[in-house]
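Worksheet: one structure, shown below.
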There are 2 protein chains.
Amino acid sequence: MTSTARGARARARIEVTTAIKEEARRQLAAEGAARLSLRAVARELGLVSSALYRYFPSRDDLLTALIIDAYDSLGEAAESAHAAVAQEGPRQRWVAVCAAVRRWALAHPHEYALIYGSPVPGYHAPQTTVPAAARVGLLLIGIVRDAHRGPGLTDLPLPADLRPEAERLVADLAPDLPPAAGAALVAAWAQLYGLVGFELFGQFHRVVEDREPFFRHAASRLADQVGLP
Amino acid sequence: MTSTARGARARARIEVTTAIKEEARRQLAAEGAARLSLRAVARELGLVSSALYRYFPSRDDLLTALIIDAYDSLGEAAESAHAAVAQEGPRQRWVAVCAAVRRWALAHPHEYALIYGSPVPGYHAPQTTVPAAARVGLLLIGIVRDAHRGPGLTDLPLPADLRPEAERLVADLAPDLPPAAGAALVAAWAQLYGLVGFELFGQFHRVVEDREPFFRHAASRLADQVGLP
DNA sequence: CAAAAAAGAGAGCACTGCTCTTGCCCCGGA
DNA sequence: TCCGGGGCAAGAGCAGTGCTCTCTTTTTTG
């Protein structure tokens with residue numbers, strides 16, 4: 001059974017690979033990225049540590065795999081939240097996506113920290129992560145673009161010294177958008193992660209208590225900022 | 001010379017302590033928090049690693065000292081930038097403080113990551129860090145409060161479900177401010193760090209190129225958001 | 001069916017934070 | 001001025017880490 005034999009090997013490899021990722025994700029969720037230990041993963045799987053290197057050439061490669069999965073998981077959460085309100089107005093959809101990002105972050109704090117917190121020292125994310133990372137951004141761009149084509153965006157200020165940069169930016173990201181909206185969108189995107197990060201990393205401790213309505217209002221004001229009606 | 005003798009001991013202790021912190025800060029700046037090694041610090045100082053524990057009971061305590069210093073350094077940078085434009089209007093002062101935070105962050109990326117990035121795993125900041133951490137926040141509060149007493153703040157929306165939280169918040173932070181301004185201020189504070197963090201941690205890579213004007217405009221829009229005239 | 005490739009085991013290297021014991025030396029009270 | 005005690009450094013050692021190398025077993029392939 002040559003073909004099944006080959007299939008068996010390949011299947012076993014995939015199984016072990018996902019088992020490693022699953023155990024690694026479990027440790028990541030429990031302890032955080034810097035406490036993720038290859039040896040501990042191997043131990044838990046009944047393997048010797050050196051055997052792990054047949055599947056991931058280094059700890060960083062394992063981390064990269066987890067990062068991509070985390071981006072995908074966040075992207076999927078945002079997309080499905082968006083799909084659930086796809087019939088509503090741009091502002092509702094915007095707030096829904098923001099709220100989904102926050103919810104995902106609260107549910108997966110260490111994974112969120114891995115992708116949007118300070119980079120793990122010595123580690124620099126390879127280009128592989130880019131497509132997965134872009135999903136939430138594309139979603140937000142889509143909402144603003146829909147609004148632009150439909151009910152229209154409110155006019156936004158754009159200082160003269162920012163105009164070239166804003167034009168370059170929309171040329172890359174969304175050529176149909178006005179430059180001011182593109183710049184505002186990118187800023188709002190960053191600010192969304194500021195809000196989420198502050199809540200997640202404890203900066204709101206003893207400052208903001210009732211965080212859900214606080215966040216929803218802030219997200220709605222971000223919608224103002226990008227000109228959503 | 002009893003007193004000088006005791007003084008000599010104490011002085012030596014202070015000198016070694018600051019030497020440790022200096023070397024640690026050097027390594028922090030060069031390699032990041034997670035690569036900060038007690039043994040390497042000791043080696044560089046010509047000490048054996050165990051000797052270091054006479055000065056800092058653990059690696060976390062050394063980190064805490066560095067965190068407090070970083071907060072202070074950032075706070076001082078923000079305060080001196082504010083002092084330089086103290087005569088100008090609230091909006092200029094607001095943007096100046098934001099720009100100072102960004103500048104400090106770009107100059108001290110690893111220290112910024114230490115205090116505003118994802119928390120170092122296993123480490124939880126003790127209460128000791130709170131006063132130092134509050135300096136920038138107090139500065140921003142002061143600007144908004146001055147504007148409120150002077151030229152006046154523009155009216156801001158405040159949804160009904162956020163009102164109790166906003167009132168509690170200003171009661172703690174700045175009793176003379178309108179609740180909506182307090183809530184907007186806290187949100188803007190978080191968003192400022194979103195902007196800085198995204199730039200610092202590379203999320204703007206190939207998205208925003210000319211970052212200085214981009215940031216200044218975003219900071220000015222944050223001023224709008226808190227109602228500064 | 002034999003050769004080659006893949007996978008796991010185990011030892012080992014250089015590093016980490018941290019503890020414990022030993023001994024020195026300087027400071028302060030008698 | 002002497003002497004005891006305490007602050008201090010040193011060194012060995014423990015348990016852990018990422019990673020490499022070699023050896024053996026198992027499976028796939030020509």
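A note on names: the letters A, B, ... follow the listed sequences, proteins ahead of strands, and every chain is numbered from 1. This structure is a prediction, so every number in the text was calculated from the model and none was measured.
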Establish, with yes or no, whether the OP1 or OP2 oxygen of [N] is under 4.0 angstrom from a side-chain nitrogen or oxygen of [X].
X: B:Arg59; N: C:dT16; value: no
X: B:Arg43; N: C:dT16; value: yes
X: A:Ser37; N: D:dG18; value: yes

Side chain of [X] (C-beta onward), nearest among [options]:
X: A:Arg9; options: D:dT27, D:dG18, C:dG8; answer: D:dT27
X: A:Leu38; options: D:dC19, C:dT16, C:dG8; answer: D:dC19
X: B:Ser58; options: D:dG16, C:dC18, D:dG18; answer: C:dC18
X: B:Val48; options: C:dG8, D:dG11, C:dG12; answer: D:dG11
X: B:Ser50; options: D:dG11, C:dG17, C:dG12; answer: D:dG11
X: A:Tyr55; options: C:dG8, C:dG12, D:dG11; answer: C:dG8
X: B:Ser49; options: C:dT16, C:dC18, D:dA10; answer: C:dC18

If you fit an axis to the five pairs at each end of the helix from C:dC1-D:dG30 to C:dA30-D:dT1, how big is the angle between those two axes, to 10 degrees? 10°
Side-chain contact, heavy-atom cut-off 4.5 Å: B:Phe56 with B:Thr17? yes
Please work out whether the ring planes of A:Phe198 and B:Tyr193 are parallel, tilted or perpendicular, with thresholds of 30° and 60°.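 Correct class here is parallel.
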Just do the side chain to side chain donor-acceptor pair (under 3.5 Å) check on B:Asp61 and B:Thr64 with the steps written out, would you? CA-CA 5 Å; B:Asp61 292 274; B:Thr64 301; 5.5 Å; no
Between D:dG18 atom P and A:Tyr53 atom OH, what is the distance in whole Å?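 For the pair A:Tyr53 OH and D:dG18 P, the rounded distance is 6 Å.
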ring-ring contact (aromatic ring centres under 6.0 Å, His included) partners of residues 59-78 of chain A, not counting sequence neighbours, each pair once: A:Tyr71-A:Tyr116
Identify whether any heavy atom of B:Leu62 sits under 4.0 Å from a base atom; if not, whether one sits that close to sugar-phosphate; answer base, sugar-phosphate or nothing.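 Since no nucleic acid heavy atom lies under 4.0 Å of B:Leu62, the category is nothing.
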